[in-house]
A.B. asks: 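Got a structure for you, questions after.
A note on names: the letters A, B, ... follow the listed sequences, proteins ahead of strands, and every chain is numbered from 1.
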4 protein chains.
Amino acid sequence: MNKKREIQSSVKDESLIEKRRAQMIRGAVTLFKQKGFHRTTTREIAKAAGFSIGTLYEYIRTKEDVLYLVCDSIYDEVHARLESLDIEKGSLEVLVTALEHYYGLIDDMQDEFVVMYQESKSLPKDALQYVLKKELEMVALFERLLTECRESGELKMTPKEIKLAAHHLFVQGQMWAFRRWALRDFTISEFIQTQTNFLLQGMAGEKISTQGAK
Amino acid sequence: MNKKREIQSSVKDESLIEKRRAQMIRGAVTLFKQKGFHRTTTREIAKAAGFSIGTLYEYIRTKEDVLYLVCDSIYDEVHARLESLDIEKGSLEVLVTALEHYYGLIDDMQDEFVVMYQESKSLPKDALQYVLKKELEMVALFERLLTECRESGELKMTPKEIKLAAHHLFVQGQMWAFRRWALRDFTISEFIQTQTNFLLQGMAGEKISTQGAK
Amino acid sequence: MNKKREIQSSVKDESLIEKRRAQMIRGAVTLFKQKGFHRTTTREIAKAAGFSIGTLYEYIRTKEDVLYLVCDSIYDEVHARLESLDIEKGSLEVLVTALEHYYGLIDDMQDEFVVMYQESKSLPKDALQYVLKKELEMVALFERLLTECRESGELKMTPKEIKLAAHHLFVQGQMWAFRRWALRDFTISEFIQTQTNFLLQGMAGEKISTQGAK
Amino acid sequence: MNKKREIQSSVKDESLIEKRRAQMIRGAVTLFKQKGFHRTTTREIAKAAGFSIGTLYEYIRTKEDVLYLVCDSIYDEVHARLESLDIEKGSLEVLVTALEHYYGLIDDMQDEFVVMYQESKSLPKDALQYVLKKELEMVALFERLLTECRESGELKMTPKEIKLAAHHLFVQGQMWAFRRWALRDFTISEFIQTQTNFLLQGMAGEKISTQGAK
DNA sequence: AATGAATGAGTATTCATTCAT
DNA sequence: AATGAATGAATACTCATTCAT
């Protein structure tokens with residue numbers, strides 16, 4: 001659907017580009033997590049990626065490109081993980097599965113998500129738009145599932161409530177990435193379990209059993 | 001209470017310090033919101049505050065001090081607004097009032113909260129500790145109120161659920177500040193109303209009527 | 001003879017000027033010795049002198065004025081101490097007395113001399129000229145005494161040798177101020193004694209007994 | 001030997017470092033001589049060296065590094081010039097040769113020596129230690145030669161006198177650099193000749209003929 | 001394709017000096 | 001006469017980006 005913002009590279013070999021950019025992203029995420037985007041220098045990124053500053057600039061145009069690549073790679077992963085749900089018709093069970101996938105993903109890519117949420121404001125305008133759109137797509141997925149639950153009678157919520165609830169679900173995911181320091185005594189399964197119960201109780205008035213994620 | 005980190009000033013007149021720092025904070029929040037902490041220059045802060053760069057440095061020592069002053073002033077306001085709740089015994093009604101105060105505060109100081117959450121990682125270590133402690137105090141307030149609700153039988157939740165729920169409530173507040181662009185069709189009263197309903201349904205199993213905040 | 005460079009003051013009361021400037025000089029010498037002229041701020045000077053920055057500038061026009069006052073006060077003291085020798089006819093004995101006075105003075109005002117020699121290059125052009133002239137007057141005193149020794153047959157040196165010797169004597173004085181760290185096991189009397197012997201042997205070919213200074 | 005304080009460079013090519021630093025030193029000496037270390041800006045140093053401010057900082061870390069490089073290069077030269085004397089057994093003739101080399105060196109590197117003596121106090125602590133140690137090594141050379149002269153009966157001096165005399169010789173060298181303005185009618189040969197005569201007369205009681213240096 | 005030396009615009013901070021009170 | 005708040009020019013140092021090799 002959404003055409004990706006193409007990042008220019010003066011190298012032609014596509015598979016090499018992919019390889020080098022993967023190195024870059026891995027190094028950059030660690031650095032951005034530690035010191036933030038602004039305090040990380042391009043030289044540090046190059047070094048962490050395992051090549052020279054000159055080489056770095058063969059694969060990107062600006063430092064912001066690196067941040068964009070990080071964000072973009074996260075959504076590639078999000079897409080891969082939630083793809084299967086795109087086709088399913090919403091039901092409470094599917095909703096729970098979606099949450100399990102989504103929260104599980106955030107758990108796996110905690111650093112990446114933190115970086116994305118903390119630093120995405122440093123993206124150039126168009127890149128920021130692209131990332132926000134991806135974000136809204138996620139929210140829209142939840143919204144669709146909730147709506148379909150309502151239509152099937154599993155939930156009784158107004159459209160407005162559904163919209164807010166979708167944001168709810170999305171933001172609770174961020175919370176797991178961001179507030180891990182405050183939630184040290186929860187495992188990811190406990191977290192998913194408890195969140196799910198809250199939501200379902202709040203929305204449907206009944207508990208639904210979920211199998212612990214991962 | 002928590003001793004404040006004192007920010008050094010070479011000016012002696014305390015009331016002047018307060019006045020100038022208030023100017024600084026007002027200007028800085030606007031700028032930080034627009035361009036972020038790192039992209040804002042000290043000269044811009046001085047200018048926005050209405051004085052020269054030299055004068056700015058009469059009242060702080062480093063740029064980070066400005067960020068700290070912003071965060072600190074937020075928690076002064078938080079404290080002022082929630083003070084009355086400190087003494088009350090928890091009940092669902094008090095909890096709802098607390099949310100109304102808290103969400104109302106975030107609505108009033110939206111820019112400040114966004115800046116604080118986005119930029120606090122740029123604070124020096126000790127200042128960051130101070131701000132996080134303040135944050136945990138807020139969470140602890142919710143936790144206490146929830147616990148007291150459980151003790152009075154108004155809520156049936158495990159201690160762990162209570163802990164998570166407290167973070168929930170706290171994070172939903174941030175959501176109002178951060179995702180306003182996505183929630184344009186909600187007023188603050190609607191938001192408070194809907195959130196409260198969710199929470200109470202989810203926790204207590206029944207709707208409670210609240211009077212719209214503000 | 002040499003008209004002093006007048007340092008402007010906006011205060012009229014002459015005796016107050018003198019008092020405040022003495023405070024200034026005392027404080028400044030300590031600071032300049034410790035950190036050098038450039039690393040010392042005018043605020044520090046004011047503080048060390050016991051008054052405010054505003055007051056400091058009531059008695060001087062620029063920071064360099066402070067340095068000049070320091071140098072000038074040194075030569076006032078030099079003048080006071082060596083005055084008696086101005087009228088005496090040169091002889092080896094008088095020469096030795098002159099050295100005793102001069103080296104003793106340097107010993108007493110070690111800090112001041114170190115500051116003057118290390119920092120005088122920071123004086124404005126005309127002030128530097130004034131100080132160098134004072135310096136040459138000192139050398140000229142030695143030169144006169146040596147010349148009169150030669151005329152009386154006490155010394156056999158060419159005019160050129162005398163000139164160099166005069167600088168010699170002058171510079172050896174500086175050495176006592178500057179290289180004290182390397183000459184820790186000498187007392188000032190020993191130093192004067194040994195220096196005098198060197199010089200007299202070298203010049204006159206015979207030892208002359210001197211009474212230890214101080 | 002004395003391990004050199006390594007100055008960090010972000011450039012790898014050693015020979016390039018050497019070349020660029022030589023350019024830097026040449027430019028810096030001129031500027032420091034004219035305006036002193038503190039009044040010279042890093043941009044001026046870069047410009048005088050023939051490259052940009054950015055390039056300057058590829059080869060040093062701080063402005064003080066430049067001063068250190070100047071001092072260090074002087075002692076490299078001192079070492080090269082006096083090396084041959086390190087092995088020789090002391091005698092009056094060798095002592096005279098040492099003075100000729102030393103004074104000749106100071107004459108050749110007058111600006112460098114003036115800068116070093118005037119500005120070395122601005123070096124960071126450890127760099128200052130290093131430079132002072134080098135200085136004491138020079139004094140120790142003279143001391144050794146004098147001691148060996150005494151042992152061979154060429155001189156009659158107490159150890160204390162020898163120590164002071166060594167400083168003497170060292171300081172007279174500085175005098176040639178520092179007081180050239182006052183010694184305009186001496187050539188370096190005359191200066192060496194006269195100084196040598198003084199010293200030998202004073203110490204040994206007889207004139208020794210020297211061949212004029214350079 | 002890869003390297004790393006060169007560039008210079010940009011920025012936090014300092015500090016001599018002024019001037020209203 | 002004394003004070004100290006205000007000023008802004010000046011300056012060391014950084015770092016994204018380029019380009020010759």
Side-chain angles (χ1 to χ4, degrees), chain A residues 9-13 16-17 20 38-47 50-66, chain B residues 9-13 16-17 20 38-47 50-66, chain C residues 9-13 16-17 20 38-47 50-66, chain D residues 9-13 16-17 20 38-47 50-66:
Chain A
S9 166
S10 55
V11 173
K12 306 294 168 194
D13 180 340
L16 191 51
I17 292 180
R20 294 277 180 261
H38 281 100
R39 292 201 207 284
T40 300
T41 68
T42 50
R43 292 174 126 89
E44 288 170 323
I45 297 171
K47 191 171 183 187
F51 36 70
S52 73
I53 181 67
T55 301
L56 183 75
Y57 275 87
E58 295 288 310
Y59 296 93
I60 53 160
R61 287 262 267 236
T62 71
K63 187 183 170 189
E64 286 157 348
D65 283 349
V66 180
Chain B
S9 165
S10 57
V11 171
K12 313 273 177 85
D13 182 336
L16 191 51
I17 292 178
R20 293 279 180 260
H38 282 100
R39 291 200 206 283
T40 302
T41 68
T42 52
R43 294 188 121 82
E44 286 170 323
I45 297 171
K47 192 170 185 186
F51 35 69
S52 71
I53 181 66
T55 300
L56 181 75
Y57 276 89
E58 292 284 302
Y59 294 92
I60 52 159
R61 286 261 266 239
T62 68
K63 189 184 170 189
E64 286 159 349
D65 282 349
V66 180
Chain C
S9 165
S10 56
V11 173
K12 305 294 169 194
D13 180 337
L16 191 50
I17 292 180
R20 294 277 180 260
H38 282 100
R39 292 200 205 284
T40 301
T41 67
T42 50
R43 290 174 128 91
E44 287 170 324
I45 297 170
K47 191 171 184 189
F51 37 70
S52 72
I53 183 67
T55 301
L56 182 75
Y57 275 87
E58 294 288 308
Y59 295 93
I60 53 161
R61 287 263 264 238
T62 71
K63 188 183 171 190
E64 287 157 347
D65 283 349
V66 180
Chain D
S9 166
S10 55
V11 171
K12 313 271 176 83
D13 182 336
L16 192 52
I17 292 179
R20 294 280 179 260
H38 282 100
R39 290 201 207 283
T40 302
T41 69
T42 51
R43 291 187 126 81
E44 288 170 323
I45 297 171
K47 192 169 183 187
F51 35 70
S52 72
I53 182 67
T55 299
L56 182 74
Y57 276 91
E58 292 282 304
Y59 295 93
I60 53 159
R61 286 261 265 243
T62 68
K63 189 184 170 189
E64 286 159 348
D65 282 348
V66 180

A.B. asks: Describe the nucleic acid contact of A/Arg20 in one word from base, sugar-phosphate, nothing, applying a heavy-atom distance below 4.0 Å.
C.D. replies: sugar-phosphate
A.B. asks: Using a heavy-atom cut-off of under 4.0 Å over every strand shown, decide if C/Ser10 touches base, sugar-phosphate, or nothing.
C.D. replies: nothing
A.B. asks: Using 0.5 Å steps for rounding, measure from the CG atom of D/Leu56 to the CD1 atom of D/Ile53.
C.D. replies: 5.0 Å
A.B. asks: Nearest-nucleotide wise, let me know which of A/Gly54 and D/Gly50 is further upstream toward the 5' end of DNA chain E.
C.D. replies: A/Gly54
A.B. asks: Are more than 12 heavy atoms from other residues, nucleotides or ligands located less than 6.0 Å from atom CZ of B/Arg39?
C.D. replies: yes
A.B. asks: For B/Glu58, which of B/Ser9, B/Ser52, B/Ser10 qualifies under side-chain hydrogen bond (donor to acceptor under 3.5 Å, both in side chains)?
C.D. replies: B/Ser10
A.B. asks: For D/Thr41, report the nucleic acid contact type (base, sugar-phosphate, nothing); a contact means any heavy atom under 4.0 Å.
C.D. replies: sugar-phosphate
A.B. asks: Which part of the nucleic acid, if any, lies within reach of B/Thr62 when heavy atoms closer than 4.0 Å are counted: base, sugar-phosphate only, or nothing?
C.D. replies: sugar-phosphate
A.B. asks: Could you go step by step and tell me if B/Tyr59 and B/Asp65 meet the side chain to side chain contact (heavy atoms under 4.5 Å, CB included) rule?
C.D. replies: CA-CA 9 Å; B/Tyr59 294 92; B/Asp65 282 349; over 6 Å; no
A.B. asks: Whole angstroms only, please: what is the CZ-P distance between D/Arg61 and F/dT14?
C.D. replies: 8 Å
A.B. asks: Could you state the CD-P distance from B/Glu58 to E/dT17, rounded to the nearest angstrom?
C.D. replies: 16 Å
A.B. asks: At less than 3.5 Å, do the side-chain atoms of A/Arg39 and the base atoms of F/dT14 form a donor-acceptor pair?
C.D. replies: no
A.B. asks: Starting at CG of D/Asp65 and ending at C1' of F/dC13, how long is that distance when rounded to a whole Å?
C.D. replies: 12 Å
A.B. asks: Grab the CZ-P distance between C/Phe51 and F/dT3 for me, whole Å please.
C.D. replies: 9 Å
A.B. asks: On DNA chain F, does the nearest nucleotide to A/Arg43 precede the nearest nucleotide to C/Ile53 from the 5' side, or the other way round? Give the residue.
C.D. replies: C/Ile53
A.B. asks: Closest heavy-atom contact between C/Phe51 and C/Arg20?
C.D. replies: CE2-CD, 3.5 Å
A.B. asks: At less than 4.0 Å, is any side-chain N or O atom of D/Tyr59 found next to OP1 or OP2 of E/dA6? Yes or no.
C.D. replies: yes
A.B. asks: Please report the distance, rounded to the nearest Å, between NZ in C/Lys63 and P in E/dT14.
C.D. replies: 15 Å
A.B. asks: Looking only at side-chain N and O atoms, does B/Tyr57 come under 4.0 Å of OP1 or OP2 in E/dT14?
C.D. replies: no
A.B. asks: Got a second to check how far B/Ile45's CD1 is from B/Lys47's NZ, nearest 0.5 Å?
C.D. replies: 13.5 Å
A.B. asks: Should D/Thr55 be listed as having a side-chain N or O under 4.0 Å from OP1 or OP2 of E/dA6?
C.D. replies: no
A.B. asks: Between D/Ile60 (CD1) and E/dA5 (P), how many Å, whole number?
C.D. replies: 16 Å
A.B. asks: Give a yes/no answer on whether the side chain of D/Thr42 brings an N or O atom under 4.0 Å of OP1 or OP2 in F/dC13.
C.D. replies: no
A.B. asks: Stem finding on DNA chain E, please: runs of three or more consecutive Watson-Crick or G-U wobble pairs, both distances under 3.5 Å, sorted by first number.
C.D. replies: E:2-21 with F:2-21
A.B. asks: Between E/dA6 atom C1' and D/Leu56 atom CG, what is the distance in whole Å?
C.D. replies: 12 Å
A.B. asks: Determine the contact category for C/Thr40: base if any of its heavy atoms lies under 4.0 Å from a base atom, sugar-phosphate if only primed atoms, P, OP1 or OP2 are that close, otherwise nothing.
C.D. replies: sugar-phosphate
A.B. asks: Rounding to an integer number of Å, can you tell me how far C/His38 NE2 sits from F/dA12 P?
C.D. replies: 12 Å
A.B. asks: Mind listing the closest non-hydrogen atom pair of D/Lys63 and D/His38 along with its distance?
C.D. replies: NZ-O, 3.7 Å
